[in-house]
Structures are given as C-alpha cells and as structure tokens.
Amino acid sequence: MEYAYPKGHVFYRKLGRVYPLATRGDGIYLYDEKGKRYIDGSGGALVVNIGHGQKEILQRMMEQMGQVGYVHGTQFTTGSIEEYAEALGKILPEGLEKIYFLSGGSESIEAAIKFARQYFLESGHVQRWRVIARWHSYHGNTLGALSLTGRIGMRKPYLPLLIDFPHFPPPYCYRCPFNLSYPRCELECAKTLEHVIRMEGPETISAVILEPIGGATIGALVPQDGYLSMIREICDRFGILLIDDEVMTGMGRTGRWFAVEHWNIIPDIMVLGKGMSGGYFPLSAMITRSEFIERLKERAGGFVHGHTFSHHPVGCAVGLAVLRFIEEKRLIEQCHKNGDYLLKRLGELKAFPFVGDVRGKGLMAAVEFVKDQKTKEPFPRTERFTERVIDSAFENGLVLYPGTGFVDGVNGDMVMVGPPLIIEENQIDEIIEILKKTFNKLGMRS
Ligand SMILES: Cc1ncc(COP(=O)(O)O)c(C=O)c1O
C-alpha cells in the first residue's frame, strides 16, 4: 500500500509526497512499517520535547481519561486543570499568572490578539486594536495569526482576507536589513519599531508581538543582547502591550523554561504551545497578568472568547506530566549543555561552501544555505536546495524541519535542527554524521 495523494481518503498536507507509515516512536527515534529507523532531528516541528513513547505520559493520560475525559470550560474545572495551572504558575516569569488553556498555537495567538483588543476597549482606548509584528516571523496559519505572520509567500494567496497589521524588520544580523553590524548599529532594528509606531499612529496600536528567538520562518534567529529590552522599553513608552510568542521556544527548548529569561524580559502576554505537551496532546496557552483580567471582569464580565476544547482535562493532565518529566530528568540543564555541543558540532558544517550561517540557542538550531559564502547570495528558489537536503537526510534516516523564502520573500534556504531534549551527546554525533553524509551524497562537497 502506498500512502500518497490521490490514493485513499486522506487529504495529505503534501500532495506530491509518498508518506512512510510511522508505526513506533522510542526516545529520539521513529520507526516506519518497514522497520526503517529515523532520528527525529527536529522533534516534528520542534514539538517532541521529551521524546517519543514515554510511558509515564501514557499512564497519566489514561488515568485522566478514566476519571473524566471532557468537561466544558464554562461548566466545570478538574483537578488536572487546577494542578497544571499551579505548576506552570510556579515557573512563569513574575506577574504572568493567569493561564487560558487552548489546543493549538494559532488558536492561542488569536486569543492574544483578541485579549489585547478587549483590554484596551475596556480601558476606554477604543482605537487601539492593531498588533505590530515582524517580517519573516511565524505566528500561525489561521487568518488572525497569518495576518501577523511575516512570511511573505505564505500570506500572498490570502492577502484579501488578512487584517491590516503593520510589520517591522527582524534582528537578522547575518543579513542586516540596515547594512550595519553589531554593536556599532546601536540596534537600529529595534529602534525602527518606534518609527513604525509613530507612522501608524500609537493610539491605534494595542500590542507588539515577536518570537524572542525567530523560528520556523527564519531559523533560530537569536537577537543581540539589548534588543529585547529596547523593544520592551519602546512598548512601555507608548503604552503598548508586548506579546511574547514562545510557541516554539517555550518549555525548555532554548535551555531556559522560556526564551525571554535569557534577557530578563517580562512580557504582558505569553503564548505557549508545541512543547507544552511534547506532542502527546494538542495543547497551548495564552497567559497574562491578573490586573489586565480584572479590567475585563469589571467591565464585560470576562474574556469574550472560547473553544470547545479549551481547558481540556486530558490536555492539562498531559501538560503536567510533561512538565514533571522535564523537571525530574533535569532536561533544561541537559538542553543547555547539549545545545552548546550541538551548535559547536554544527559549526563544522561551515566547511561546506554552501553553509552560510549556523545559529541557535539550546536545542533550537538552524543551518542557512547560500550559493556563495562570501557574498551570501542565496540559491535561486527554483533549485529547491532546502527540499533536496530535507529529502536526502530523510532517506538517510534523519528528520529535519525546512524553512525557505526569508531572504527576500522568495529565496532563502535553511533547515532547523531541534531534537528532543533527552538527546545524548553520542546521538548528536549521529546527527552530524548523517548531515555530512547527506551533504556529500548530494554532490555538495566540502
Ligand atoms: C512561534 C510560533 N507561533 C505560533 C505557531 C502556530 O502554532 P500551531 O501550528 O500549533 O497553530 C507556531 C508553529 O510553528 C510557531 O512556531
């Protein structure tokens, strides 16, 4: 049996691909029905934070399903919801204390956009509803989230449906949008936010949203020191909320519970997803401050938002089990240490003439490809360089996550490496060996 469009009834995400049938997951490995082993080098889309097949998660999920599998979020709460919120509350940055549970990253981004809007509405600032985001960012695929997402190719087909949200350039030092270099640039990329706010009219802006470390659409883009604090200061000066999208970076991925902790920044709203459940259940959250919620309670009685699967008892049981797993196995410390090792070893790939940049933090890393290392000229998109790397690595038993289009909206090639946080040093060595083999096999000699 071949799993590919147009066979069968599944509307596959990739219509031109023959899918292997995954039958088993164990730690950092996945196995298909033919017994072939793959290293899940990207944990899916940087989701599988604690590895596959962890029995204690299954056990806790079954217990919760046996007790109560579903209640509606307007009718009941459960022990799992209360306990998970309590445990998360202990690790969240100071002041972020109320957690609205949802089931996907995009859903929680929508909640954040609406929450910021409702907060200002109830505060008497009725004009404030627009959210400023960054170019080459990723915040999701639903229409509100896509309106924020700065990936040009992804937005284009749906432009007539999108909301008029302004964008500003990312802190992309490898290709500085201002042709400057750090530290002499004095963080022009952060300062430009102020220009955008002034041009758009500060009185119309509710929030600024960013990924503290750029993810799926630009590849583990770590900002320079001082960048996030400057953004925070600009937001404060204009009375604008700061939304921290930690869907990819949150829950330990970068060597801290949350990426903003690397720079001691406290946002007004935080969004989590992916690693919260490690992929075992669709789970996400929009988190904010009590004093903001109080404003909504006084005026409207609450947040006018909700989904059938919000505040899901099983999702919360899984989330709590994953959080405990990370704590007990000290995975954040391990991620910090092994992240340094991964980046060091990925650095060796710069010997290949088409590897332009290697970047990242913790176990969130990316390799950017270029046609010319000196000029940084990207490959023309028609060469489909990223896809060739991804397919060839997959054939060699390594799963990576692709990203394209971030140089100019069309060109730009990179792969993300983001294995489960349980990975050991010798398994990182295996990833590097497969990458080298892949690059050589494609005729991409170093
Ligand atoms: C930073 C970020 N925000 C939001 C999302 C959207 O999450 P989801 O795919 O669960 O809707 C993603 C997904 O990749 C993401 O990386």
Side-chain angles (χ1 to χ4, degrees), residues 13-14 42-49 100-116 131-151 153-155 158 162 165 167 170-171 207-223 228 242-254 257-260 267 269-287 307 309-310 312 315 318-319 322 360-366 399-406 414-418:
R13 282 191 59 174
K14 290 198 166 181
S42 58
L46 287 88
V47 175
V48 184
N49 275 13
Y100 202 94
F101 293 109
L102 290 149
S103 46
S106 304
E107 236 179 45
S108 284
I109 293 288
E110 300 287 339
I113 298 170
K114 284 176 67 182
F115 183 84
V131 182
I132 299 180
R134 285 193 314 216
W135 290 117
H136 309 303
S137 59
Y138 189 68
H139 298 291
N141 250 326
T142 49
L143 291 175
L146 188 59
S147 304
L148 298 173
T149 290
R151 185 174 176 192
M154 204 169 232
R155 297 163 54 84
Y158 308 104
L162 302 187
F165 288 152
H167 292 78
V208 168
I209 187 167
L210 46 77
E211 301 157 86
I213 296 176
T217 46
I218 197 155
L221 189 73
V222 184
L228 283 174
L242 179 61
I243 305 175
D244 171 31
D245 181 352
E246 298 249 7
V247 169
M248 186 175 274
T249 51
M251 304 312 290
R253 171 57 58 190
T254 71
W257 278 114
F258 310 104
V260 279
I269 298 175
M270 183 188 272
V271 178
L272 296 175
K274 293 183 185 277
M276 278 179 95
S277 73
Y280 287 90
F281 200 87
L283 180 65
S284 70
M286 193 273 293
I287 304 164
H307 292 283
F309 293 120
S310 56
H312 200 291
V318 170
V322 169
K361 211 168 192 60
L363 286 167
M364 176 173 174
V399 185
L400 300 168
Y401 196 66
T404 58
F406 48 86
M414 65 90 180
V415 292
M416 287 194 81
V417 184

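In what follows, residues are counted from 1 in the order of the sequence shown. Every value quoted in this text rests on a predicted model; they were computed, and no experiment measured them. Remember, it's 1-based here, ligands and their atoms both numbered in the order they're listed.
- Closest of all the heavy-atom pairs between Thr149 and Ser137 is CG2-O, 3.3 Å.
- Residues of the protein with a heavy atom under 4.0 Å from ligand 1 are Gly104, Gly105, Ser106, Tyr138, His139, Gly140, Glu211, Asp245, Val247, Met248, Lys274, listed by chain and number.
- For the pair Leu363 and Leu46, the tightest heavy-atom approach, listed with the atom from each and the gap, is O-CD2, 4.4 Å.
- Smallest separation of non-hydrogen atoms from Gly215 and Met364: CA-CE, 3.8 Å.
- The aromatic rings of Phe281 and His312 are tilted relative to each other, their planes meeting at an angle between 30° and 60°.
- Atom CZ of residue Arg134 and atom CG of residue Leu221 lie 7.0 Å apart, to the nearest 0.5 angstrom.
- For the pair Phe165 and Ser147, the tightest heavy-atom approach, listed with the atom from each and the gap, is CD1-CB, 3.6 Å.
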